[in-house]
Visitor: 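Let me begin by handing over the structure; questions about it come next.
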Number of protein chains: 2
Amino acid sequence: MARLVYERADLLPLLGEVFREHGFEGASLAVISRRTGLGKGSLYHFFPGGKEEMAAAVLAHVDHWFETQVFRPLREEPDGRRAITAMLEATDAYFRSGRRVCVVGVFALAESRDRFAVKVASYFSAWIDALAGALGRAGHPPDDARALSEEAVGLIQGALVLARALDDPAPFARTLARLKARLVPERPAP
Amino acid sequence: MARLVYERADLLPLLGEVFREHGFEGASLAVISRRTGLGKGSLYHFFPGGKEEMAAAVLAHVDHWFETQVFRPLREEPDGRRAITAMLEATDAYFRSGRRVCVVGVFALAESRDRFAVKVASYFSAWIDALAGALGRAGHPPDDARALSEEAVGLIQGALVLARALDDPAPFARTLARLKARLVPERPAP
DNA sequence: GTCTATAGAGTGATAGAC
DNA sequence: GTCTATCACTCTATAGAC
């Protein structure tokens, strides 16, 4: 029999897409089985805790990606403007310019929020904290930086909702462009 | 037998809360039955089309509320600044200052988007169109008005996602305050 | 009797757990 | 694959208003 290579880590991107598209409640084991090509037995072998463990692993995987690709650079890059520009580019790439929604946002709005409350909250607060720091280094006064950061993260989530609701990625692209103009203006800072 | 009051219209606010909290997929008939206090027989008496008809009726009810309380005033109030101020107040009241999410946004992010695609899209485009008009009458140049409107509607949705994700209504309240400063600045227009 | 609102047992299908 | 619980839904029965 053809031992098709899988380890748990290989499954996470596939599972991520399933939860992103269907939400936690809507992602049935039948769908997960079809999309991963694995039977229920294999899925329970990798994730003994069942669907909840799969979703938790996906959230951890997403969180790790953002931590290394977005949050840490935001915190550590000394040039705040460069840090923010990189964040906007990574964000655009990750959300495929609005064709992909945020699985954490999807979980946040549904019943699943309660089940994954800690992970959902920490993802957003880590993002807001890291961005506020970079905005400060980019020259925004501390109080403005905090408010602007919260607004930017909310705006990204809202643009994803709009893009999905209107079935059109353009609102997301326009929003990122406007965000860039506000967060990294041509002249060093307001 | 105890003829207990209900007509279809009385059920819509209750159903709205159930779908808002649980999403379409998460709102089981058992939950709906418990929350409305009605047995399945009664529910199917009012909504022969079942859960899908209940959700469609809730979306129509929400849409009607926004049409009469938000969109039409935005279109018809000649004073753009007054129209926008009224919209922000109605929005704050409707979403209970961030303690309530948007059922249309909840549907938009989940699988249910496809099922209710037309209603979901038209809700957001009606809002953006109406607000863009009012922003124009408030003195914003037409191109800015369109972009600003899209941004404002997205920002409201994003703030609701954040408020729910962080389990804290404060981000929504702060967002509305900042929005007011940008949409209706102290001096007539930028 | 007819009509409307009610309750809930019972249907097959499908869920997630194992 | 097997299991049980739960899903959306159907159907029958019943109570009261007319």
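In what follows, chains are A, B, ... by sequence order, proteins preceding strands, each numbered from 1.
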Visitor: Listing request: all salt bridge (charged side-chain N to carboxylate O under 4.0 Å, His left out) pairs with a residue in residues 42-58 of chain B, at least two apart in sequence or in separate chains.
Guide: B:R8-B:E53, B:E52-B:R115
Visitor: Please verify the inter-ring angle class for B:F116 with B:F107; under 30° counts as parallel, over 60° as perpendicular, anything in between as tilted.
Guide: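 Tilted.
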Visitor: Along nucleotides 8-18 of chain C, 5' to 3', which nucleotides get a B, which get an S, and which get a -, given that the test is a protein heavy-atom distance under 4.0 Å?
Guide: BBB----SBBB
Visitor: Of all residues at least two apart in sequence or in a different chain, which pass the side-chain contact (heavy atoms from CB on, under 4.5 Å) check with A:S42?
Guide: A:L38
Visitor: Which whole-number value in Å describes the distance from B:R34 CZ to C:dT6 C1'?
Guide: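 Rounded to the whole Å, the gap is 20 Å.
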Visitor: How many whole angstroms separate atom CG of B:L43 from atom C1' of D:dT10?
Guide: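 Whole-Å distance recorded here is 14 Å.
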Visitor: Using ring-ring contact (aromatic ring centres under 6.0 Å, His included) as the criterion, list what pairs up with A:F66, not counting sequence neighbours.
Guide: A:F71, A:Y94, A:Y123, A:W127
Visitor: To the nearest angstrom, how far is B:I32 atom CD1 from D:dA8 atom P?
Guide: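 Result: 7 Å.
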Visitor: ring-ring contact (aromatic ring centres under 6.0 Å, His included) with B:F124: which residues, sequence neighbours excluded?
Guide: none
Visitor: Let me have the donor-acceptor pairs involving side chains of residues 156-164 of chain B, under 3.5 Å, with sequence neighbours excluded, atom names and distances please.
Guide:
from, atom 1, to, atom 2, distance (Å)
B:R164, NE, A:A108, O, 3.0
B:R164, NH2, A:A110, O, 2.8

Visitor: Is B:H45 near enough to C:dA5 that one of its side-chain N or O atoms lies under 4.0 angstrom from OP1 or OP2?
Guide: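 Checking C:dA5 against B:H45, a side-chain N or O does come within under 4.0 Å of OP1 or OP2.
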Visitor: To the nearest Å, how far apart are B:L38 CG and C:dT6 C1'?
Guide: 8 Å
